[in-house]
Amino acid sequence: MDRYNPQEIEKKWQARWEKEQTFRAAPKGKDLPKNLKTPKVFLAEMFPYPSGAGLHVGHVRNFTIVDVLARFYTQQEMNVLRPFGYDTFGLPAENYAIKTGISPQEATKTNITNFRKQLKRLGYAIDWSREINTSDPEYYKWTQWCFLQLYKKGLAYRKESYQWWCPVDQTVLANEQVENGCCWRCGHEVEKKKMKQWFFKITEYADELLADIDALDWPDKIKTMQRNWIGRSEGAEIEFEVASVANTYIKVFTTRPDTVFGATFLVLAPEHPAVKKLVTEETKAEVEKYQSDALKKSEIERQENKEKTGVFTGSYAINPATGEKIPIWVSDYVLMGYGEGAIMAVPAHDERDYEFAEKFDLPIKEVIEKPEGSSDDEKCYHGEGKLINSGHLDGTDSSEARELVINWLSEQGVGKQKVTYRMRDWLISRQRYWGCPIPIAYDEDGNEYPIPEDQLPVIIPEVKDYKPDNTGRSALAKAKDWLTFEMEVKDKKTGKMVKKKLTRETDTLDGYACSSWYLWRYVSAHDDKAAWDQKAIKYWAPTDVYVGADHAVAHLLYIRFWCKFFADQGYLPFREPVKTLLYNGYINAPDGKKMSKSKGNVIDPLDVIDQGYGADTLRTYEMFIGPYDQDAAWDPKSVGGVYRFLNRCWNLCFDETMHATSERGSSSDTLKGARPSLWSDEDLIPDVADRLVQRHKTIKKVTDDIHRHNFNTAVSTLMEYVNYLYKEKATAEDIVTLAKLIKPFAPHLACEMLEKMESDDIWPVWDEKYLATETVEVVVQVNGKLRAKISVAAEDLENQEKIEELALAEDNVKKFTSDGIKKIIFVKQAKLVNIVA
RNA sequence: GGCCGAGUGGCGGAAUUGGUAUACGCGUUCGACUUAAAAUCGAAUGAAGAAAUUCAUACGGGUUCAAGUCCCGUCUCGGCUACCA
């Protein structure tokens with residue numbers, strides 16, 4: 001007998017899959033599969049950044065989940081689309097280029113080649129004809145096209161604003177790229193810088209992005225994070241007239257308009273544009289110093305020092321509810337980016353305002369009565385209650401008063417209902433070389449001209465030196481031939497077409513823009529007529545199952561935003577890009593800590609394969625390691641256990657001593673070419689009944705488990721089946737069933753077994769009739785404690801009286817029921833009798 | 001501080017709708033094979049007890065014929081978030 005040799009058989013099957021292009025989703029040269037009536041499944045993982053280090057075990061877990069599903073659905077004869085791509089723009093390649101002079105284009109090519117080779121060694125069922133790469137001009141041409149669509153609709157715009165700036169990477173960062181006041185890439189503290197930047201107006205879709213979360217088949221964790229990120233607040237916008245400066249109003253946002261009578265001062269963010277109008281001779285110097293200090297303060301300092309600071313502007317506003325004059329202050333606890341950048345302070349009912357009032361000795365006026373018996377012992381009560389000190393609204397319940405106040409202020413023209421979002425517009429320009437160029441140019445007056453669609457792509461020029469220049473512009477500014485050019489444009493004044501000298505935008509797009517549409521590119525990956533083909537998108541998309549372990553908010557929110565936008569433009573026939581999202585956990589080092597090069601605890605998946613375990617063991621192990629959505633620690637000993645299991649599968653097929661033989665001695669011809677030692681079910685009557693039960697139970701359990709994404713228990717079910725077959729020996733049908741069921745996990749081994757058995761790989765179907773056995777075991781409890789098990793004929797389950805009688809007849813039951821029986825509960829479904837004594 | 005998870009043998013974990021707690025794997029022990037070891041195969045393995053049995057799903061209560069599962073409270077760990085008005 002040949003021994004299980006993964007090295008040999010994996011090489012053999014990988015070569016065959018490559019040659020036969022086994023995993024192409026469509027016949028050559030066509031976009032759609034032949035049989036459109038078969039259900040389609042579009043599966044994808046979050047495409048990786050192909051780093052020089054190659055695949056790590058985390059990738060393997062992520063990709064194997066997709067692969068198991070792809071193979072499972074393929075075996076069920078569905079049309080499966082399982083493409084692959086690379087997210088190649090980004091800082092690592094650029095920093096590497098700055099350090100070594102090797103161009104990002106070249107480094108990316110090398111890395112992809114390595115990645116592709118490694119992916120093939122894992123035996124993934126990838127349709128390689130659809131491989132995409134975001135830094136390929138063929139791809140980013142269409143990223144630029146997407147940008148222009150957003151630009152046309154006014155959803156891509158330029159605005160001067162204070163932005164997070166990383167002084168090391170020399171680029172602005174989006175809010176979600178700032179972690180604890182530090183750059184997500186290099187970890188350096190970020191600063192605020194006033195710059196003109198490009199944005200996508202994601203806030204336009206805030207309401208829909210929020211509302212549609214409910215219906216998504218996504219993990220609750222991610223749904224909650226997205227809801228929090230969008231951060232919708234309902235409240236009111238209230239205008240406060242400035243007493244000392246004519247015709248000046250300060251708008252504030254509040255979620256508690258019911259407390260307006262208690263607003264005893266206003267607070268403005270240091271960056272608020274009205275501040276310069278409000279300062280007086282005496283306060284000017286001090287306020288300006290406070291403003292410039294606040295700008296210099298890093299996010300970390302702001303967080304560390306929660307002690308309230310602030311300064312009086314010297315001006316007063318009129319509280320529209322009370323008519324009282326109240327002072328206007330400036331403090332950095334009010335953020336310019338949220339609401340109106342100004343608040344009405346109600347110190348009696350808001351902790352932050354309370355602290356501020358205490359510190360600067362400002363009046364505190366209670367306007368909500370704490371209900372009796374309230375356990376809230378905070379200094380300022382922020383719950384609901386009856387209004388007091390609130391003029392005509394005294395005695396009203398605070399929850400009702402909110403609307404009454406809004407209506408009342410609205411009648412006077414100084415207030416209205418308002419919804420505010422925590423989410424800001426998406427900052428997309430980056431001062432980096434290695435990104436998708438923004439297809440915009442400027443004339444000498446700074447007017448914007450989009451590059452016409454037929455002139456795309458704007459190709460990234462090769463440069464010698466990749467360092468950003470010290471003006472905050474990317475290295476693209478160094479490509480002089482590329483930077484300026486002539487283009488026919490409509491003259492802004494005369495409206496005639498004229499040739500104009502233009503300068504290109506040197507900012508590139510945030511990498512998240514490139515990954516916001518790649519799922520749709522997969523349906524017609526190398527289409528040169530459109531970003532995605534309409535017929536193909538209609539058939540394949542949206543993505544049925546999307547698997548990842550990162551980007552809970554950013555990427556998964558942006559892709560939803562683009563989906564809604566392109567749906568509105570008529571390019572997509574759906575409004576949500578991903579039906580089911582699986583979010584897999586991380587794989588940690590054996591010590592339970594995160595794997596990292598510096599700690600030297602990294603497990604290299606290719607090493608595991610080369611040690612002799614093979615790809616099938618690696619794949620199966622990573623599915624068996626635990627529930628896919630939980631973190632798990634790598635255990636080298638358990639890898640050995642999975643290898644032993646696959647080895648046992650192999651033996652059942654190739655070791656004749658493991659084969660069931662018939663005492664009647666007749667060989668079966670039900671399986672052509674099967675070895676003489678191998679017997680079919682038919683030869684084994686009468687012991688065939690239990691065998692069929694085990695087999696069909698296994699088929700059902702494995703099928704259900706994969707549907708539920710319980711990959712770990714699917715594998716353990718197969719282990720139980722193999723243990724059973726080791727005891728009882730295997731028939732031809734057993735071996736074929738086992739091979740088919742294990743194929744999603746260990747495809748090479750399964751193919752080898754199926755080849756030997758001359759069998760197809762079509763997913764087996766269980767028959768309910770084998771699941772119902774002739775005799776069943778009924779559990780007998782007394783007072784909920786297990787006391788006996790009785791074996792009864794299956795049809796007797798309908799006969800409650802008989803079962804109760806049998807149960808009571810058990811010696812061990814009699815022992816515990818000698819004091820009499822109160823009642824008997826019989827649960828047919830659970831096959832259980834509970835006697836209450 | 002706020003929100004959301006989780007806590008089961010020596011370890012990773014199973015228990016799908018409230019119905020036999022600890023499947024499967026690792027580890028450990030014993031046995032077979034072997035001159036021997038590895039590999040492989042077989043058996044045992046929550047704790048206490050000779051046994052019947054009792055006690056065990058973080059802790060304390062509750063609901064129920066029956067609770068790992070549901071409810072209330074406490075503790076511990078993890079994730080996200082953090083002056084968002």
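Small disclaimer: the values here were computed from a predicted structure and weren't measured. In what follows, chains carry the letters A, B, and so on, assigned in the order in which the sequence lines appear, proteins first and then strands, with residues in each chain numbered from 1.
At the heavy-atom level, A:Gln829 lies under 4.0 Å from base atoms of the strands shown. In this structure, A:Ile824 reaches neither bases nor backbone, as no heavy-atom distance under 4.0 Å exists between it and the strands shown. A:Gly626 comes within contact range of no nucleotide atom at all, as no heavy-atom separation falls under 4.0 Å. Contacts of A:Asn812 with the nucleic acid, taken as non-hydrogen atoms under 4.0 Å apart, involve only primed sugar atoms and P, OP1 or OP2. When heavy atoms are screened at a 4.0 angstrom cut-off, A:Arg787 is found touching the sugar-phosphate backbone but no base atom. Using a 4.0 Å heavy-atom cutoff across all strands shown, A:Lys700 reaches no nucleic acid atom at all. Nucleic acid contact class of A:Lys822 (heavy atoms, under 4.0 Å, all strands): none.
A straight line from CD of A:Gln226 to P of B:G79 spans 20 Å, rounded to a whole angstrom. Remark: P of B:G79 and NE2 of A:His551 are 19 Å apart, rounded to the nearest angstrom. The interatomic distance linking A:Tyr721 (OH) with B:G25 (P) rounds to 16 Å, in whole Å. Atom NZ of A:Lys637 and atom P of B:G12 are 15 Å apart (whole Å). Rounded to an integer number of Å, the gap from A:Ile790 CD1 to B:U20 P is 16 Å. Separating the CG atom of A:Asp705 from the P atom of B:U16 is a distance of 11 Å, rounded to the nearest angstrom. At whole-Å resolution of the value, CG in A:Asn712 and C1' in B:A23 are 11 Å apart. Regarding A:Asn710, its CG atom lies at a distance of 6 Å from the P atom of B:A15, rounded to whole Å.
Residues meeting the side chain to side chain contact (heavy atoms under 4.5 Å, CB included) test with A:Lys815, sequence neighbours left out: A:Asn812. With sequence neighbours excluded, the residues that form a ring-ring contact (aromatic ring centres under 6.0 Å, His included) with A:Tyr643 are A:Tyr4, A:Tyr613. Residues meeting the salt bridge (Lys or Arg N to Asp or Glu O under 4.0 Å) test with A:Lys700, sequence neighbours left out: A:Asp704. Take A:Tyr354 and apply the ring-ring contact (aromatic ring centres under 6.0 Å, His included) test, not counting sequence neighbours, and it matches no residue. In this view, A:Lys223 and A:Ile213, A:Trp218, A:Asp220, A:Arg227 satisfy the side chain to side chain contact (heavy atoms under 4.5 Å, CB included) rule, not counting sequence neighbours. Every side chain to side chain contact (heavy atoms under 4.5 Å, CB included) that A:Lys221 has, sequence neighbours left out, goes to A:Met225, A:Tyr583. Partners of A:Lys785 under the side chain to side chain contact (heavy atoms under 4.5 Å, CB included) rule, at least two apart in sequence or in another chain, are A:Arg787.
Phosphate proximity of B:G13 to A:Thr713: absent, as no side-chain N or O sits under 4.0 Å from OP1 or OP2. Between B:C80 and A:Asn228, no contact under 4.0 Å exists linking OP1 or OP2 to a side-chain N or O.
Both the sub-6.0 Å distance and the 45° axial angle are not jointly satisfied by A:Lys418 relative to the ring of A:Phe253.
Using cut-offs of 30° and 60° on the angle between ring planes, the pair A:Tyr333 and A:Phe356 is tilted.
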Exercise for the section: Convert the base pairs of RNA chain B into dot-bracket notation, remembering that pairs crossing earlier ones are written with [ ] and that bases paired across to another strand are shown as |; include only Watson-Crick or G-U pairs under 3.5 Å. Expected result: (((((((..(((......[....)))((((((.......))))))(((....)))..(((((..]....))))))))))))....
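When the P atom is compared between B:U17 and B:A51, the two are found 38 Å apart, to the nearest whole Å. Comparing the same atom, C1', in B:C55 and in B:A21 gives a spacing of 14 Å after rounding to whole Å. When the C1' atom is compared between B:G46 and B:C11, the two are found 13 Å apart, to the nearest whole Å. Of the C1' atoms belonging to B:G9 and B:U45, the separation is 10 Å, rounded to the nearest Å. To the nearest whole angstrom, the two P atoms, one in B:G12 and one in B:A58, are 14 Å apart.
In this structure, A:Glu8 places its CD atom where only 12 or fewer heavy-atom neighbours from other residues, nucleotides or ligands lie under 6.0 Å away.
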Please write out each protein N/O paired with an N/O of nucleotides 38-49 of chain B under 3.5 Å, distance rounded to 0.1 Å.
| from | atom 1 | to | atom 2 | distance (Å) |
| --- | --- | --- | --- | --- |
| B:C41 | OP1 | A:Arg648 | NH1 | 2.7 |

Under 3.5 Å, which protein N or O atoms sit close to an N or O of nucleotides 6-10 of chain B? Give each pair with its distance.
none

Quick one: which protein N/O atoms are closer than 3.5 Å to N/O atoms of nucleotides 65-71 of chain B? Pair and distance per line, please.
| from | atom 1 | to | atom 2 | distance (Å) |
| --- | --- | --- | --- | --- |
| B:C65 | O2' | A:Asn834 | ND2 | 3.2 |
| B:C65 | O2 | A:Asn834 | ND2 | 2.7 |

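Remark: the backbone N or O of A:Leu749 is paired with a side-chain donor or acceptor of A:Asp616 at under 3.5 angstrom. For the pair A:Lys831 (side chain) and A:Val776 (backbone), a donor-acceptor distance under 3.5 Å is absent.
For B:U20, its base never sits under 3.5 Å from the side chain of A:Lys831 at any donor and acceptor pair.
Annotation: the span from A:Leu718 atom CG to A:Thr737 atom OG1 amounts to 11.0 Å, rounded to 0.5 Å. Here the CG atom belonging to A:Leu387 is positioned 12.0 Å from the CD atom belonging to A:Glu366, to the nearest 0.5 angstrom.
Sequence neighbours left out, the pairs with a member in residues 617-645 of chain A that pass salt bridge (Lys or Arg N to Asp or Glu O under 4.0 Å) are A:Asp67-A:Arg619.
Two residues, A:Arg256 and A:Met225, neighbour RNA chain B, and the one matched to the more 5' nucleotide by heavy-atom proximity is A:Met225. Where A:Asp635 and A:Thr255 each meet RNA chain B at their nearest nucleotide, the meeting point lying more 5' is that of A:Asp635.
The A:Glu777 side chain lies nearest to B:U20 when the options are B:U20, B:G13, B:C55. Nearest nucleotide to the A:Arg422 side chain, out of B:U81, B:U20, B:C26: B:U81. With B:U20, B:U16, B:C80 as the candidates, the nucleotide lying closest to the side chain of A:Arg708 is B:U16.
Counting heavy atoms from C-beta outward, A:Met595 and A:Trp634 have side chains that approach closer than 4.5 Å.
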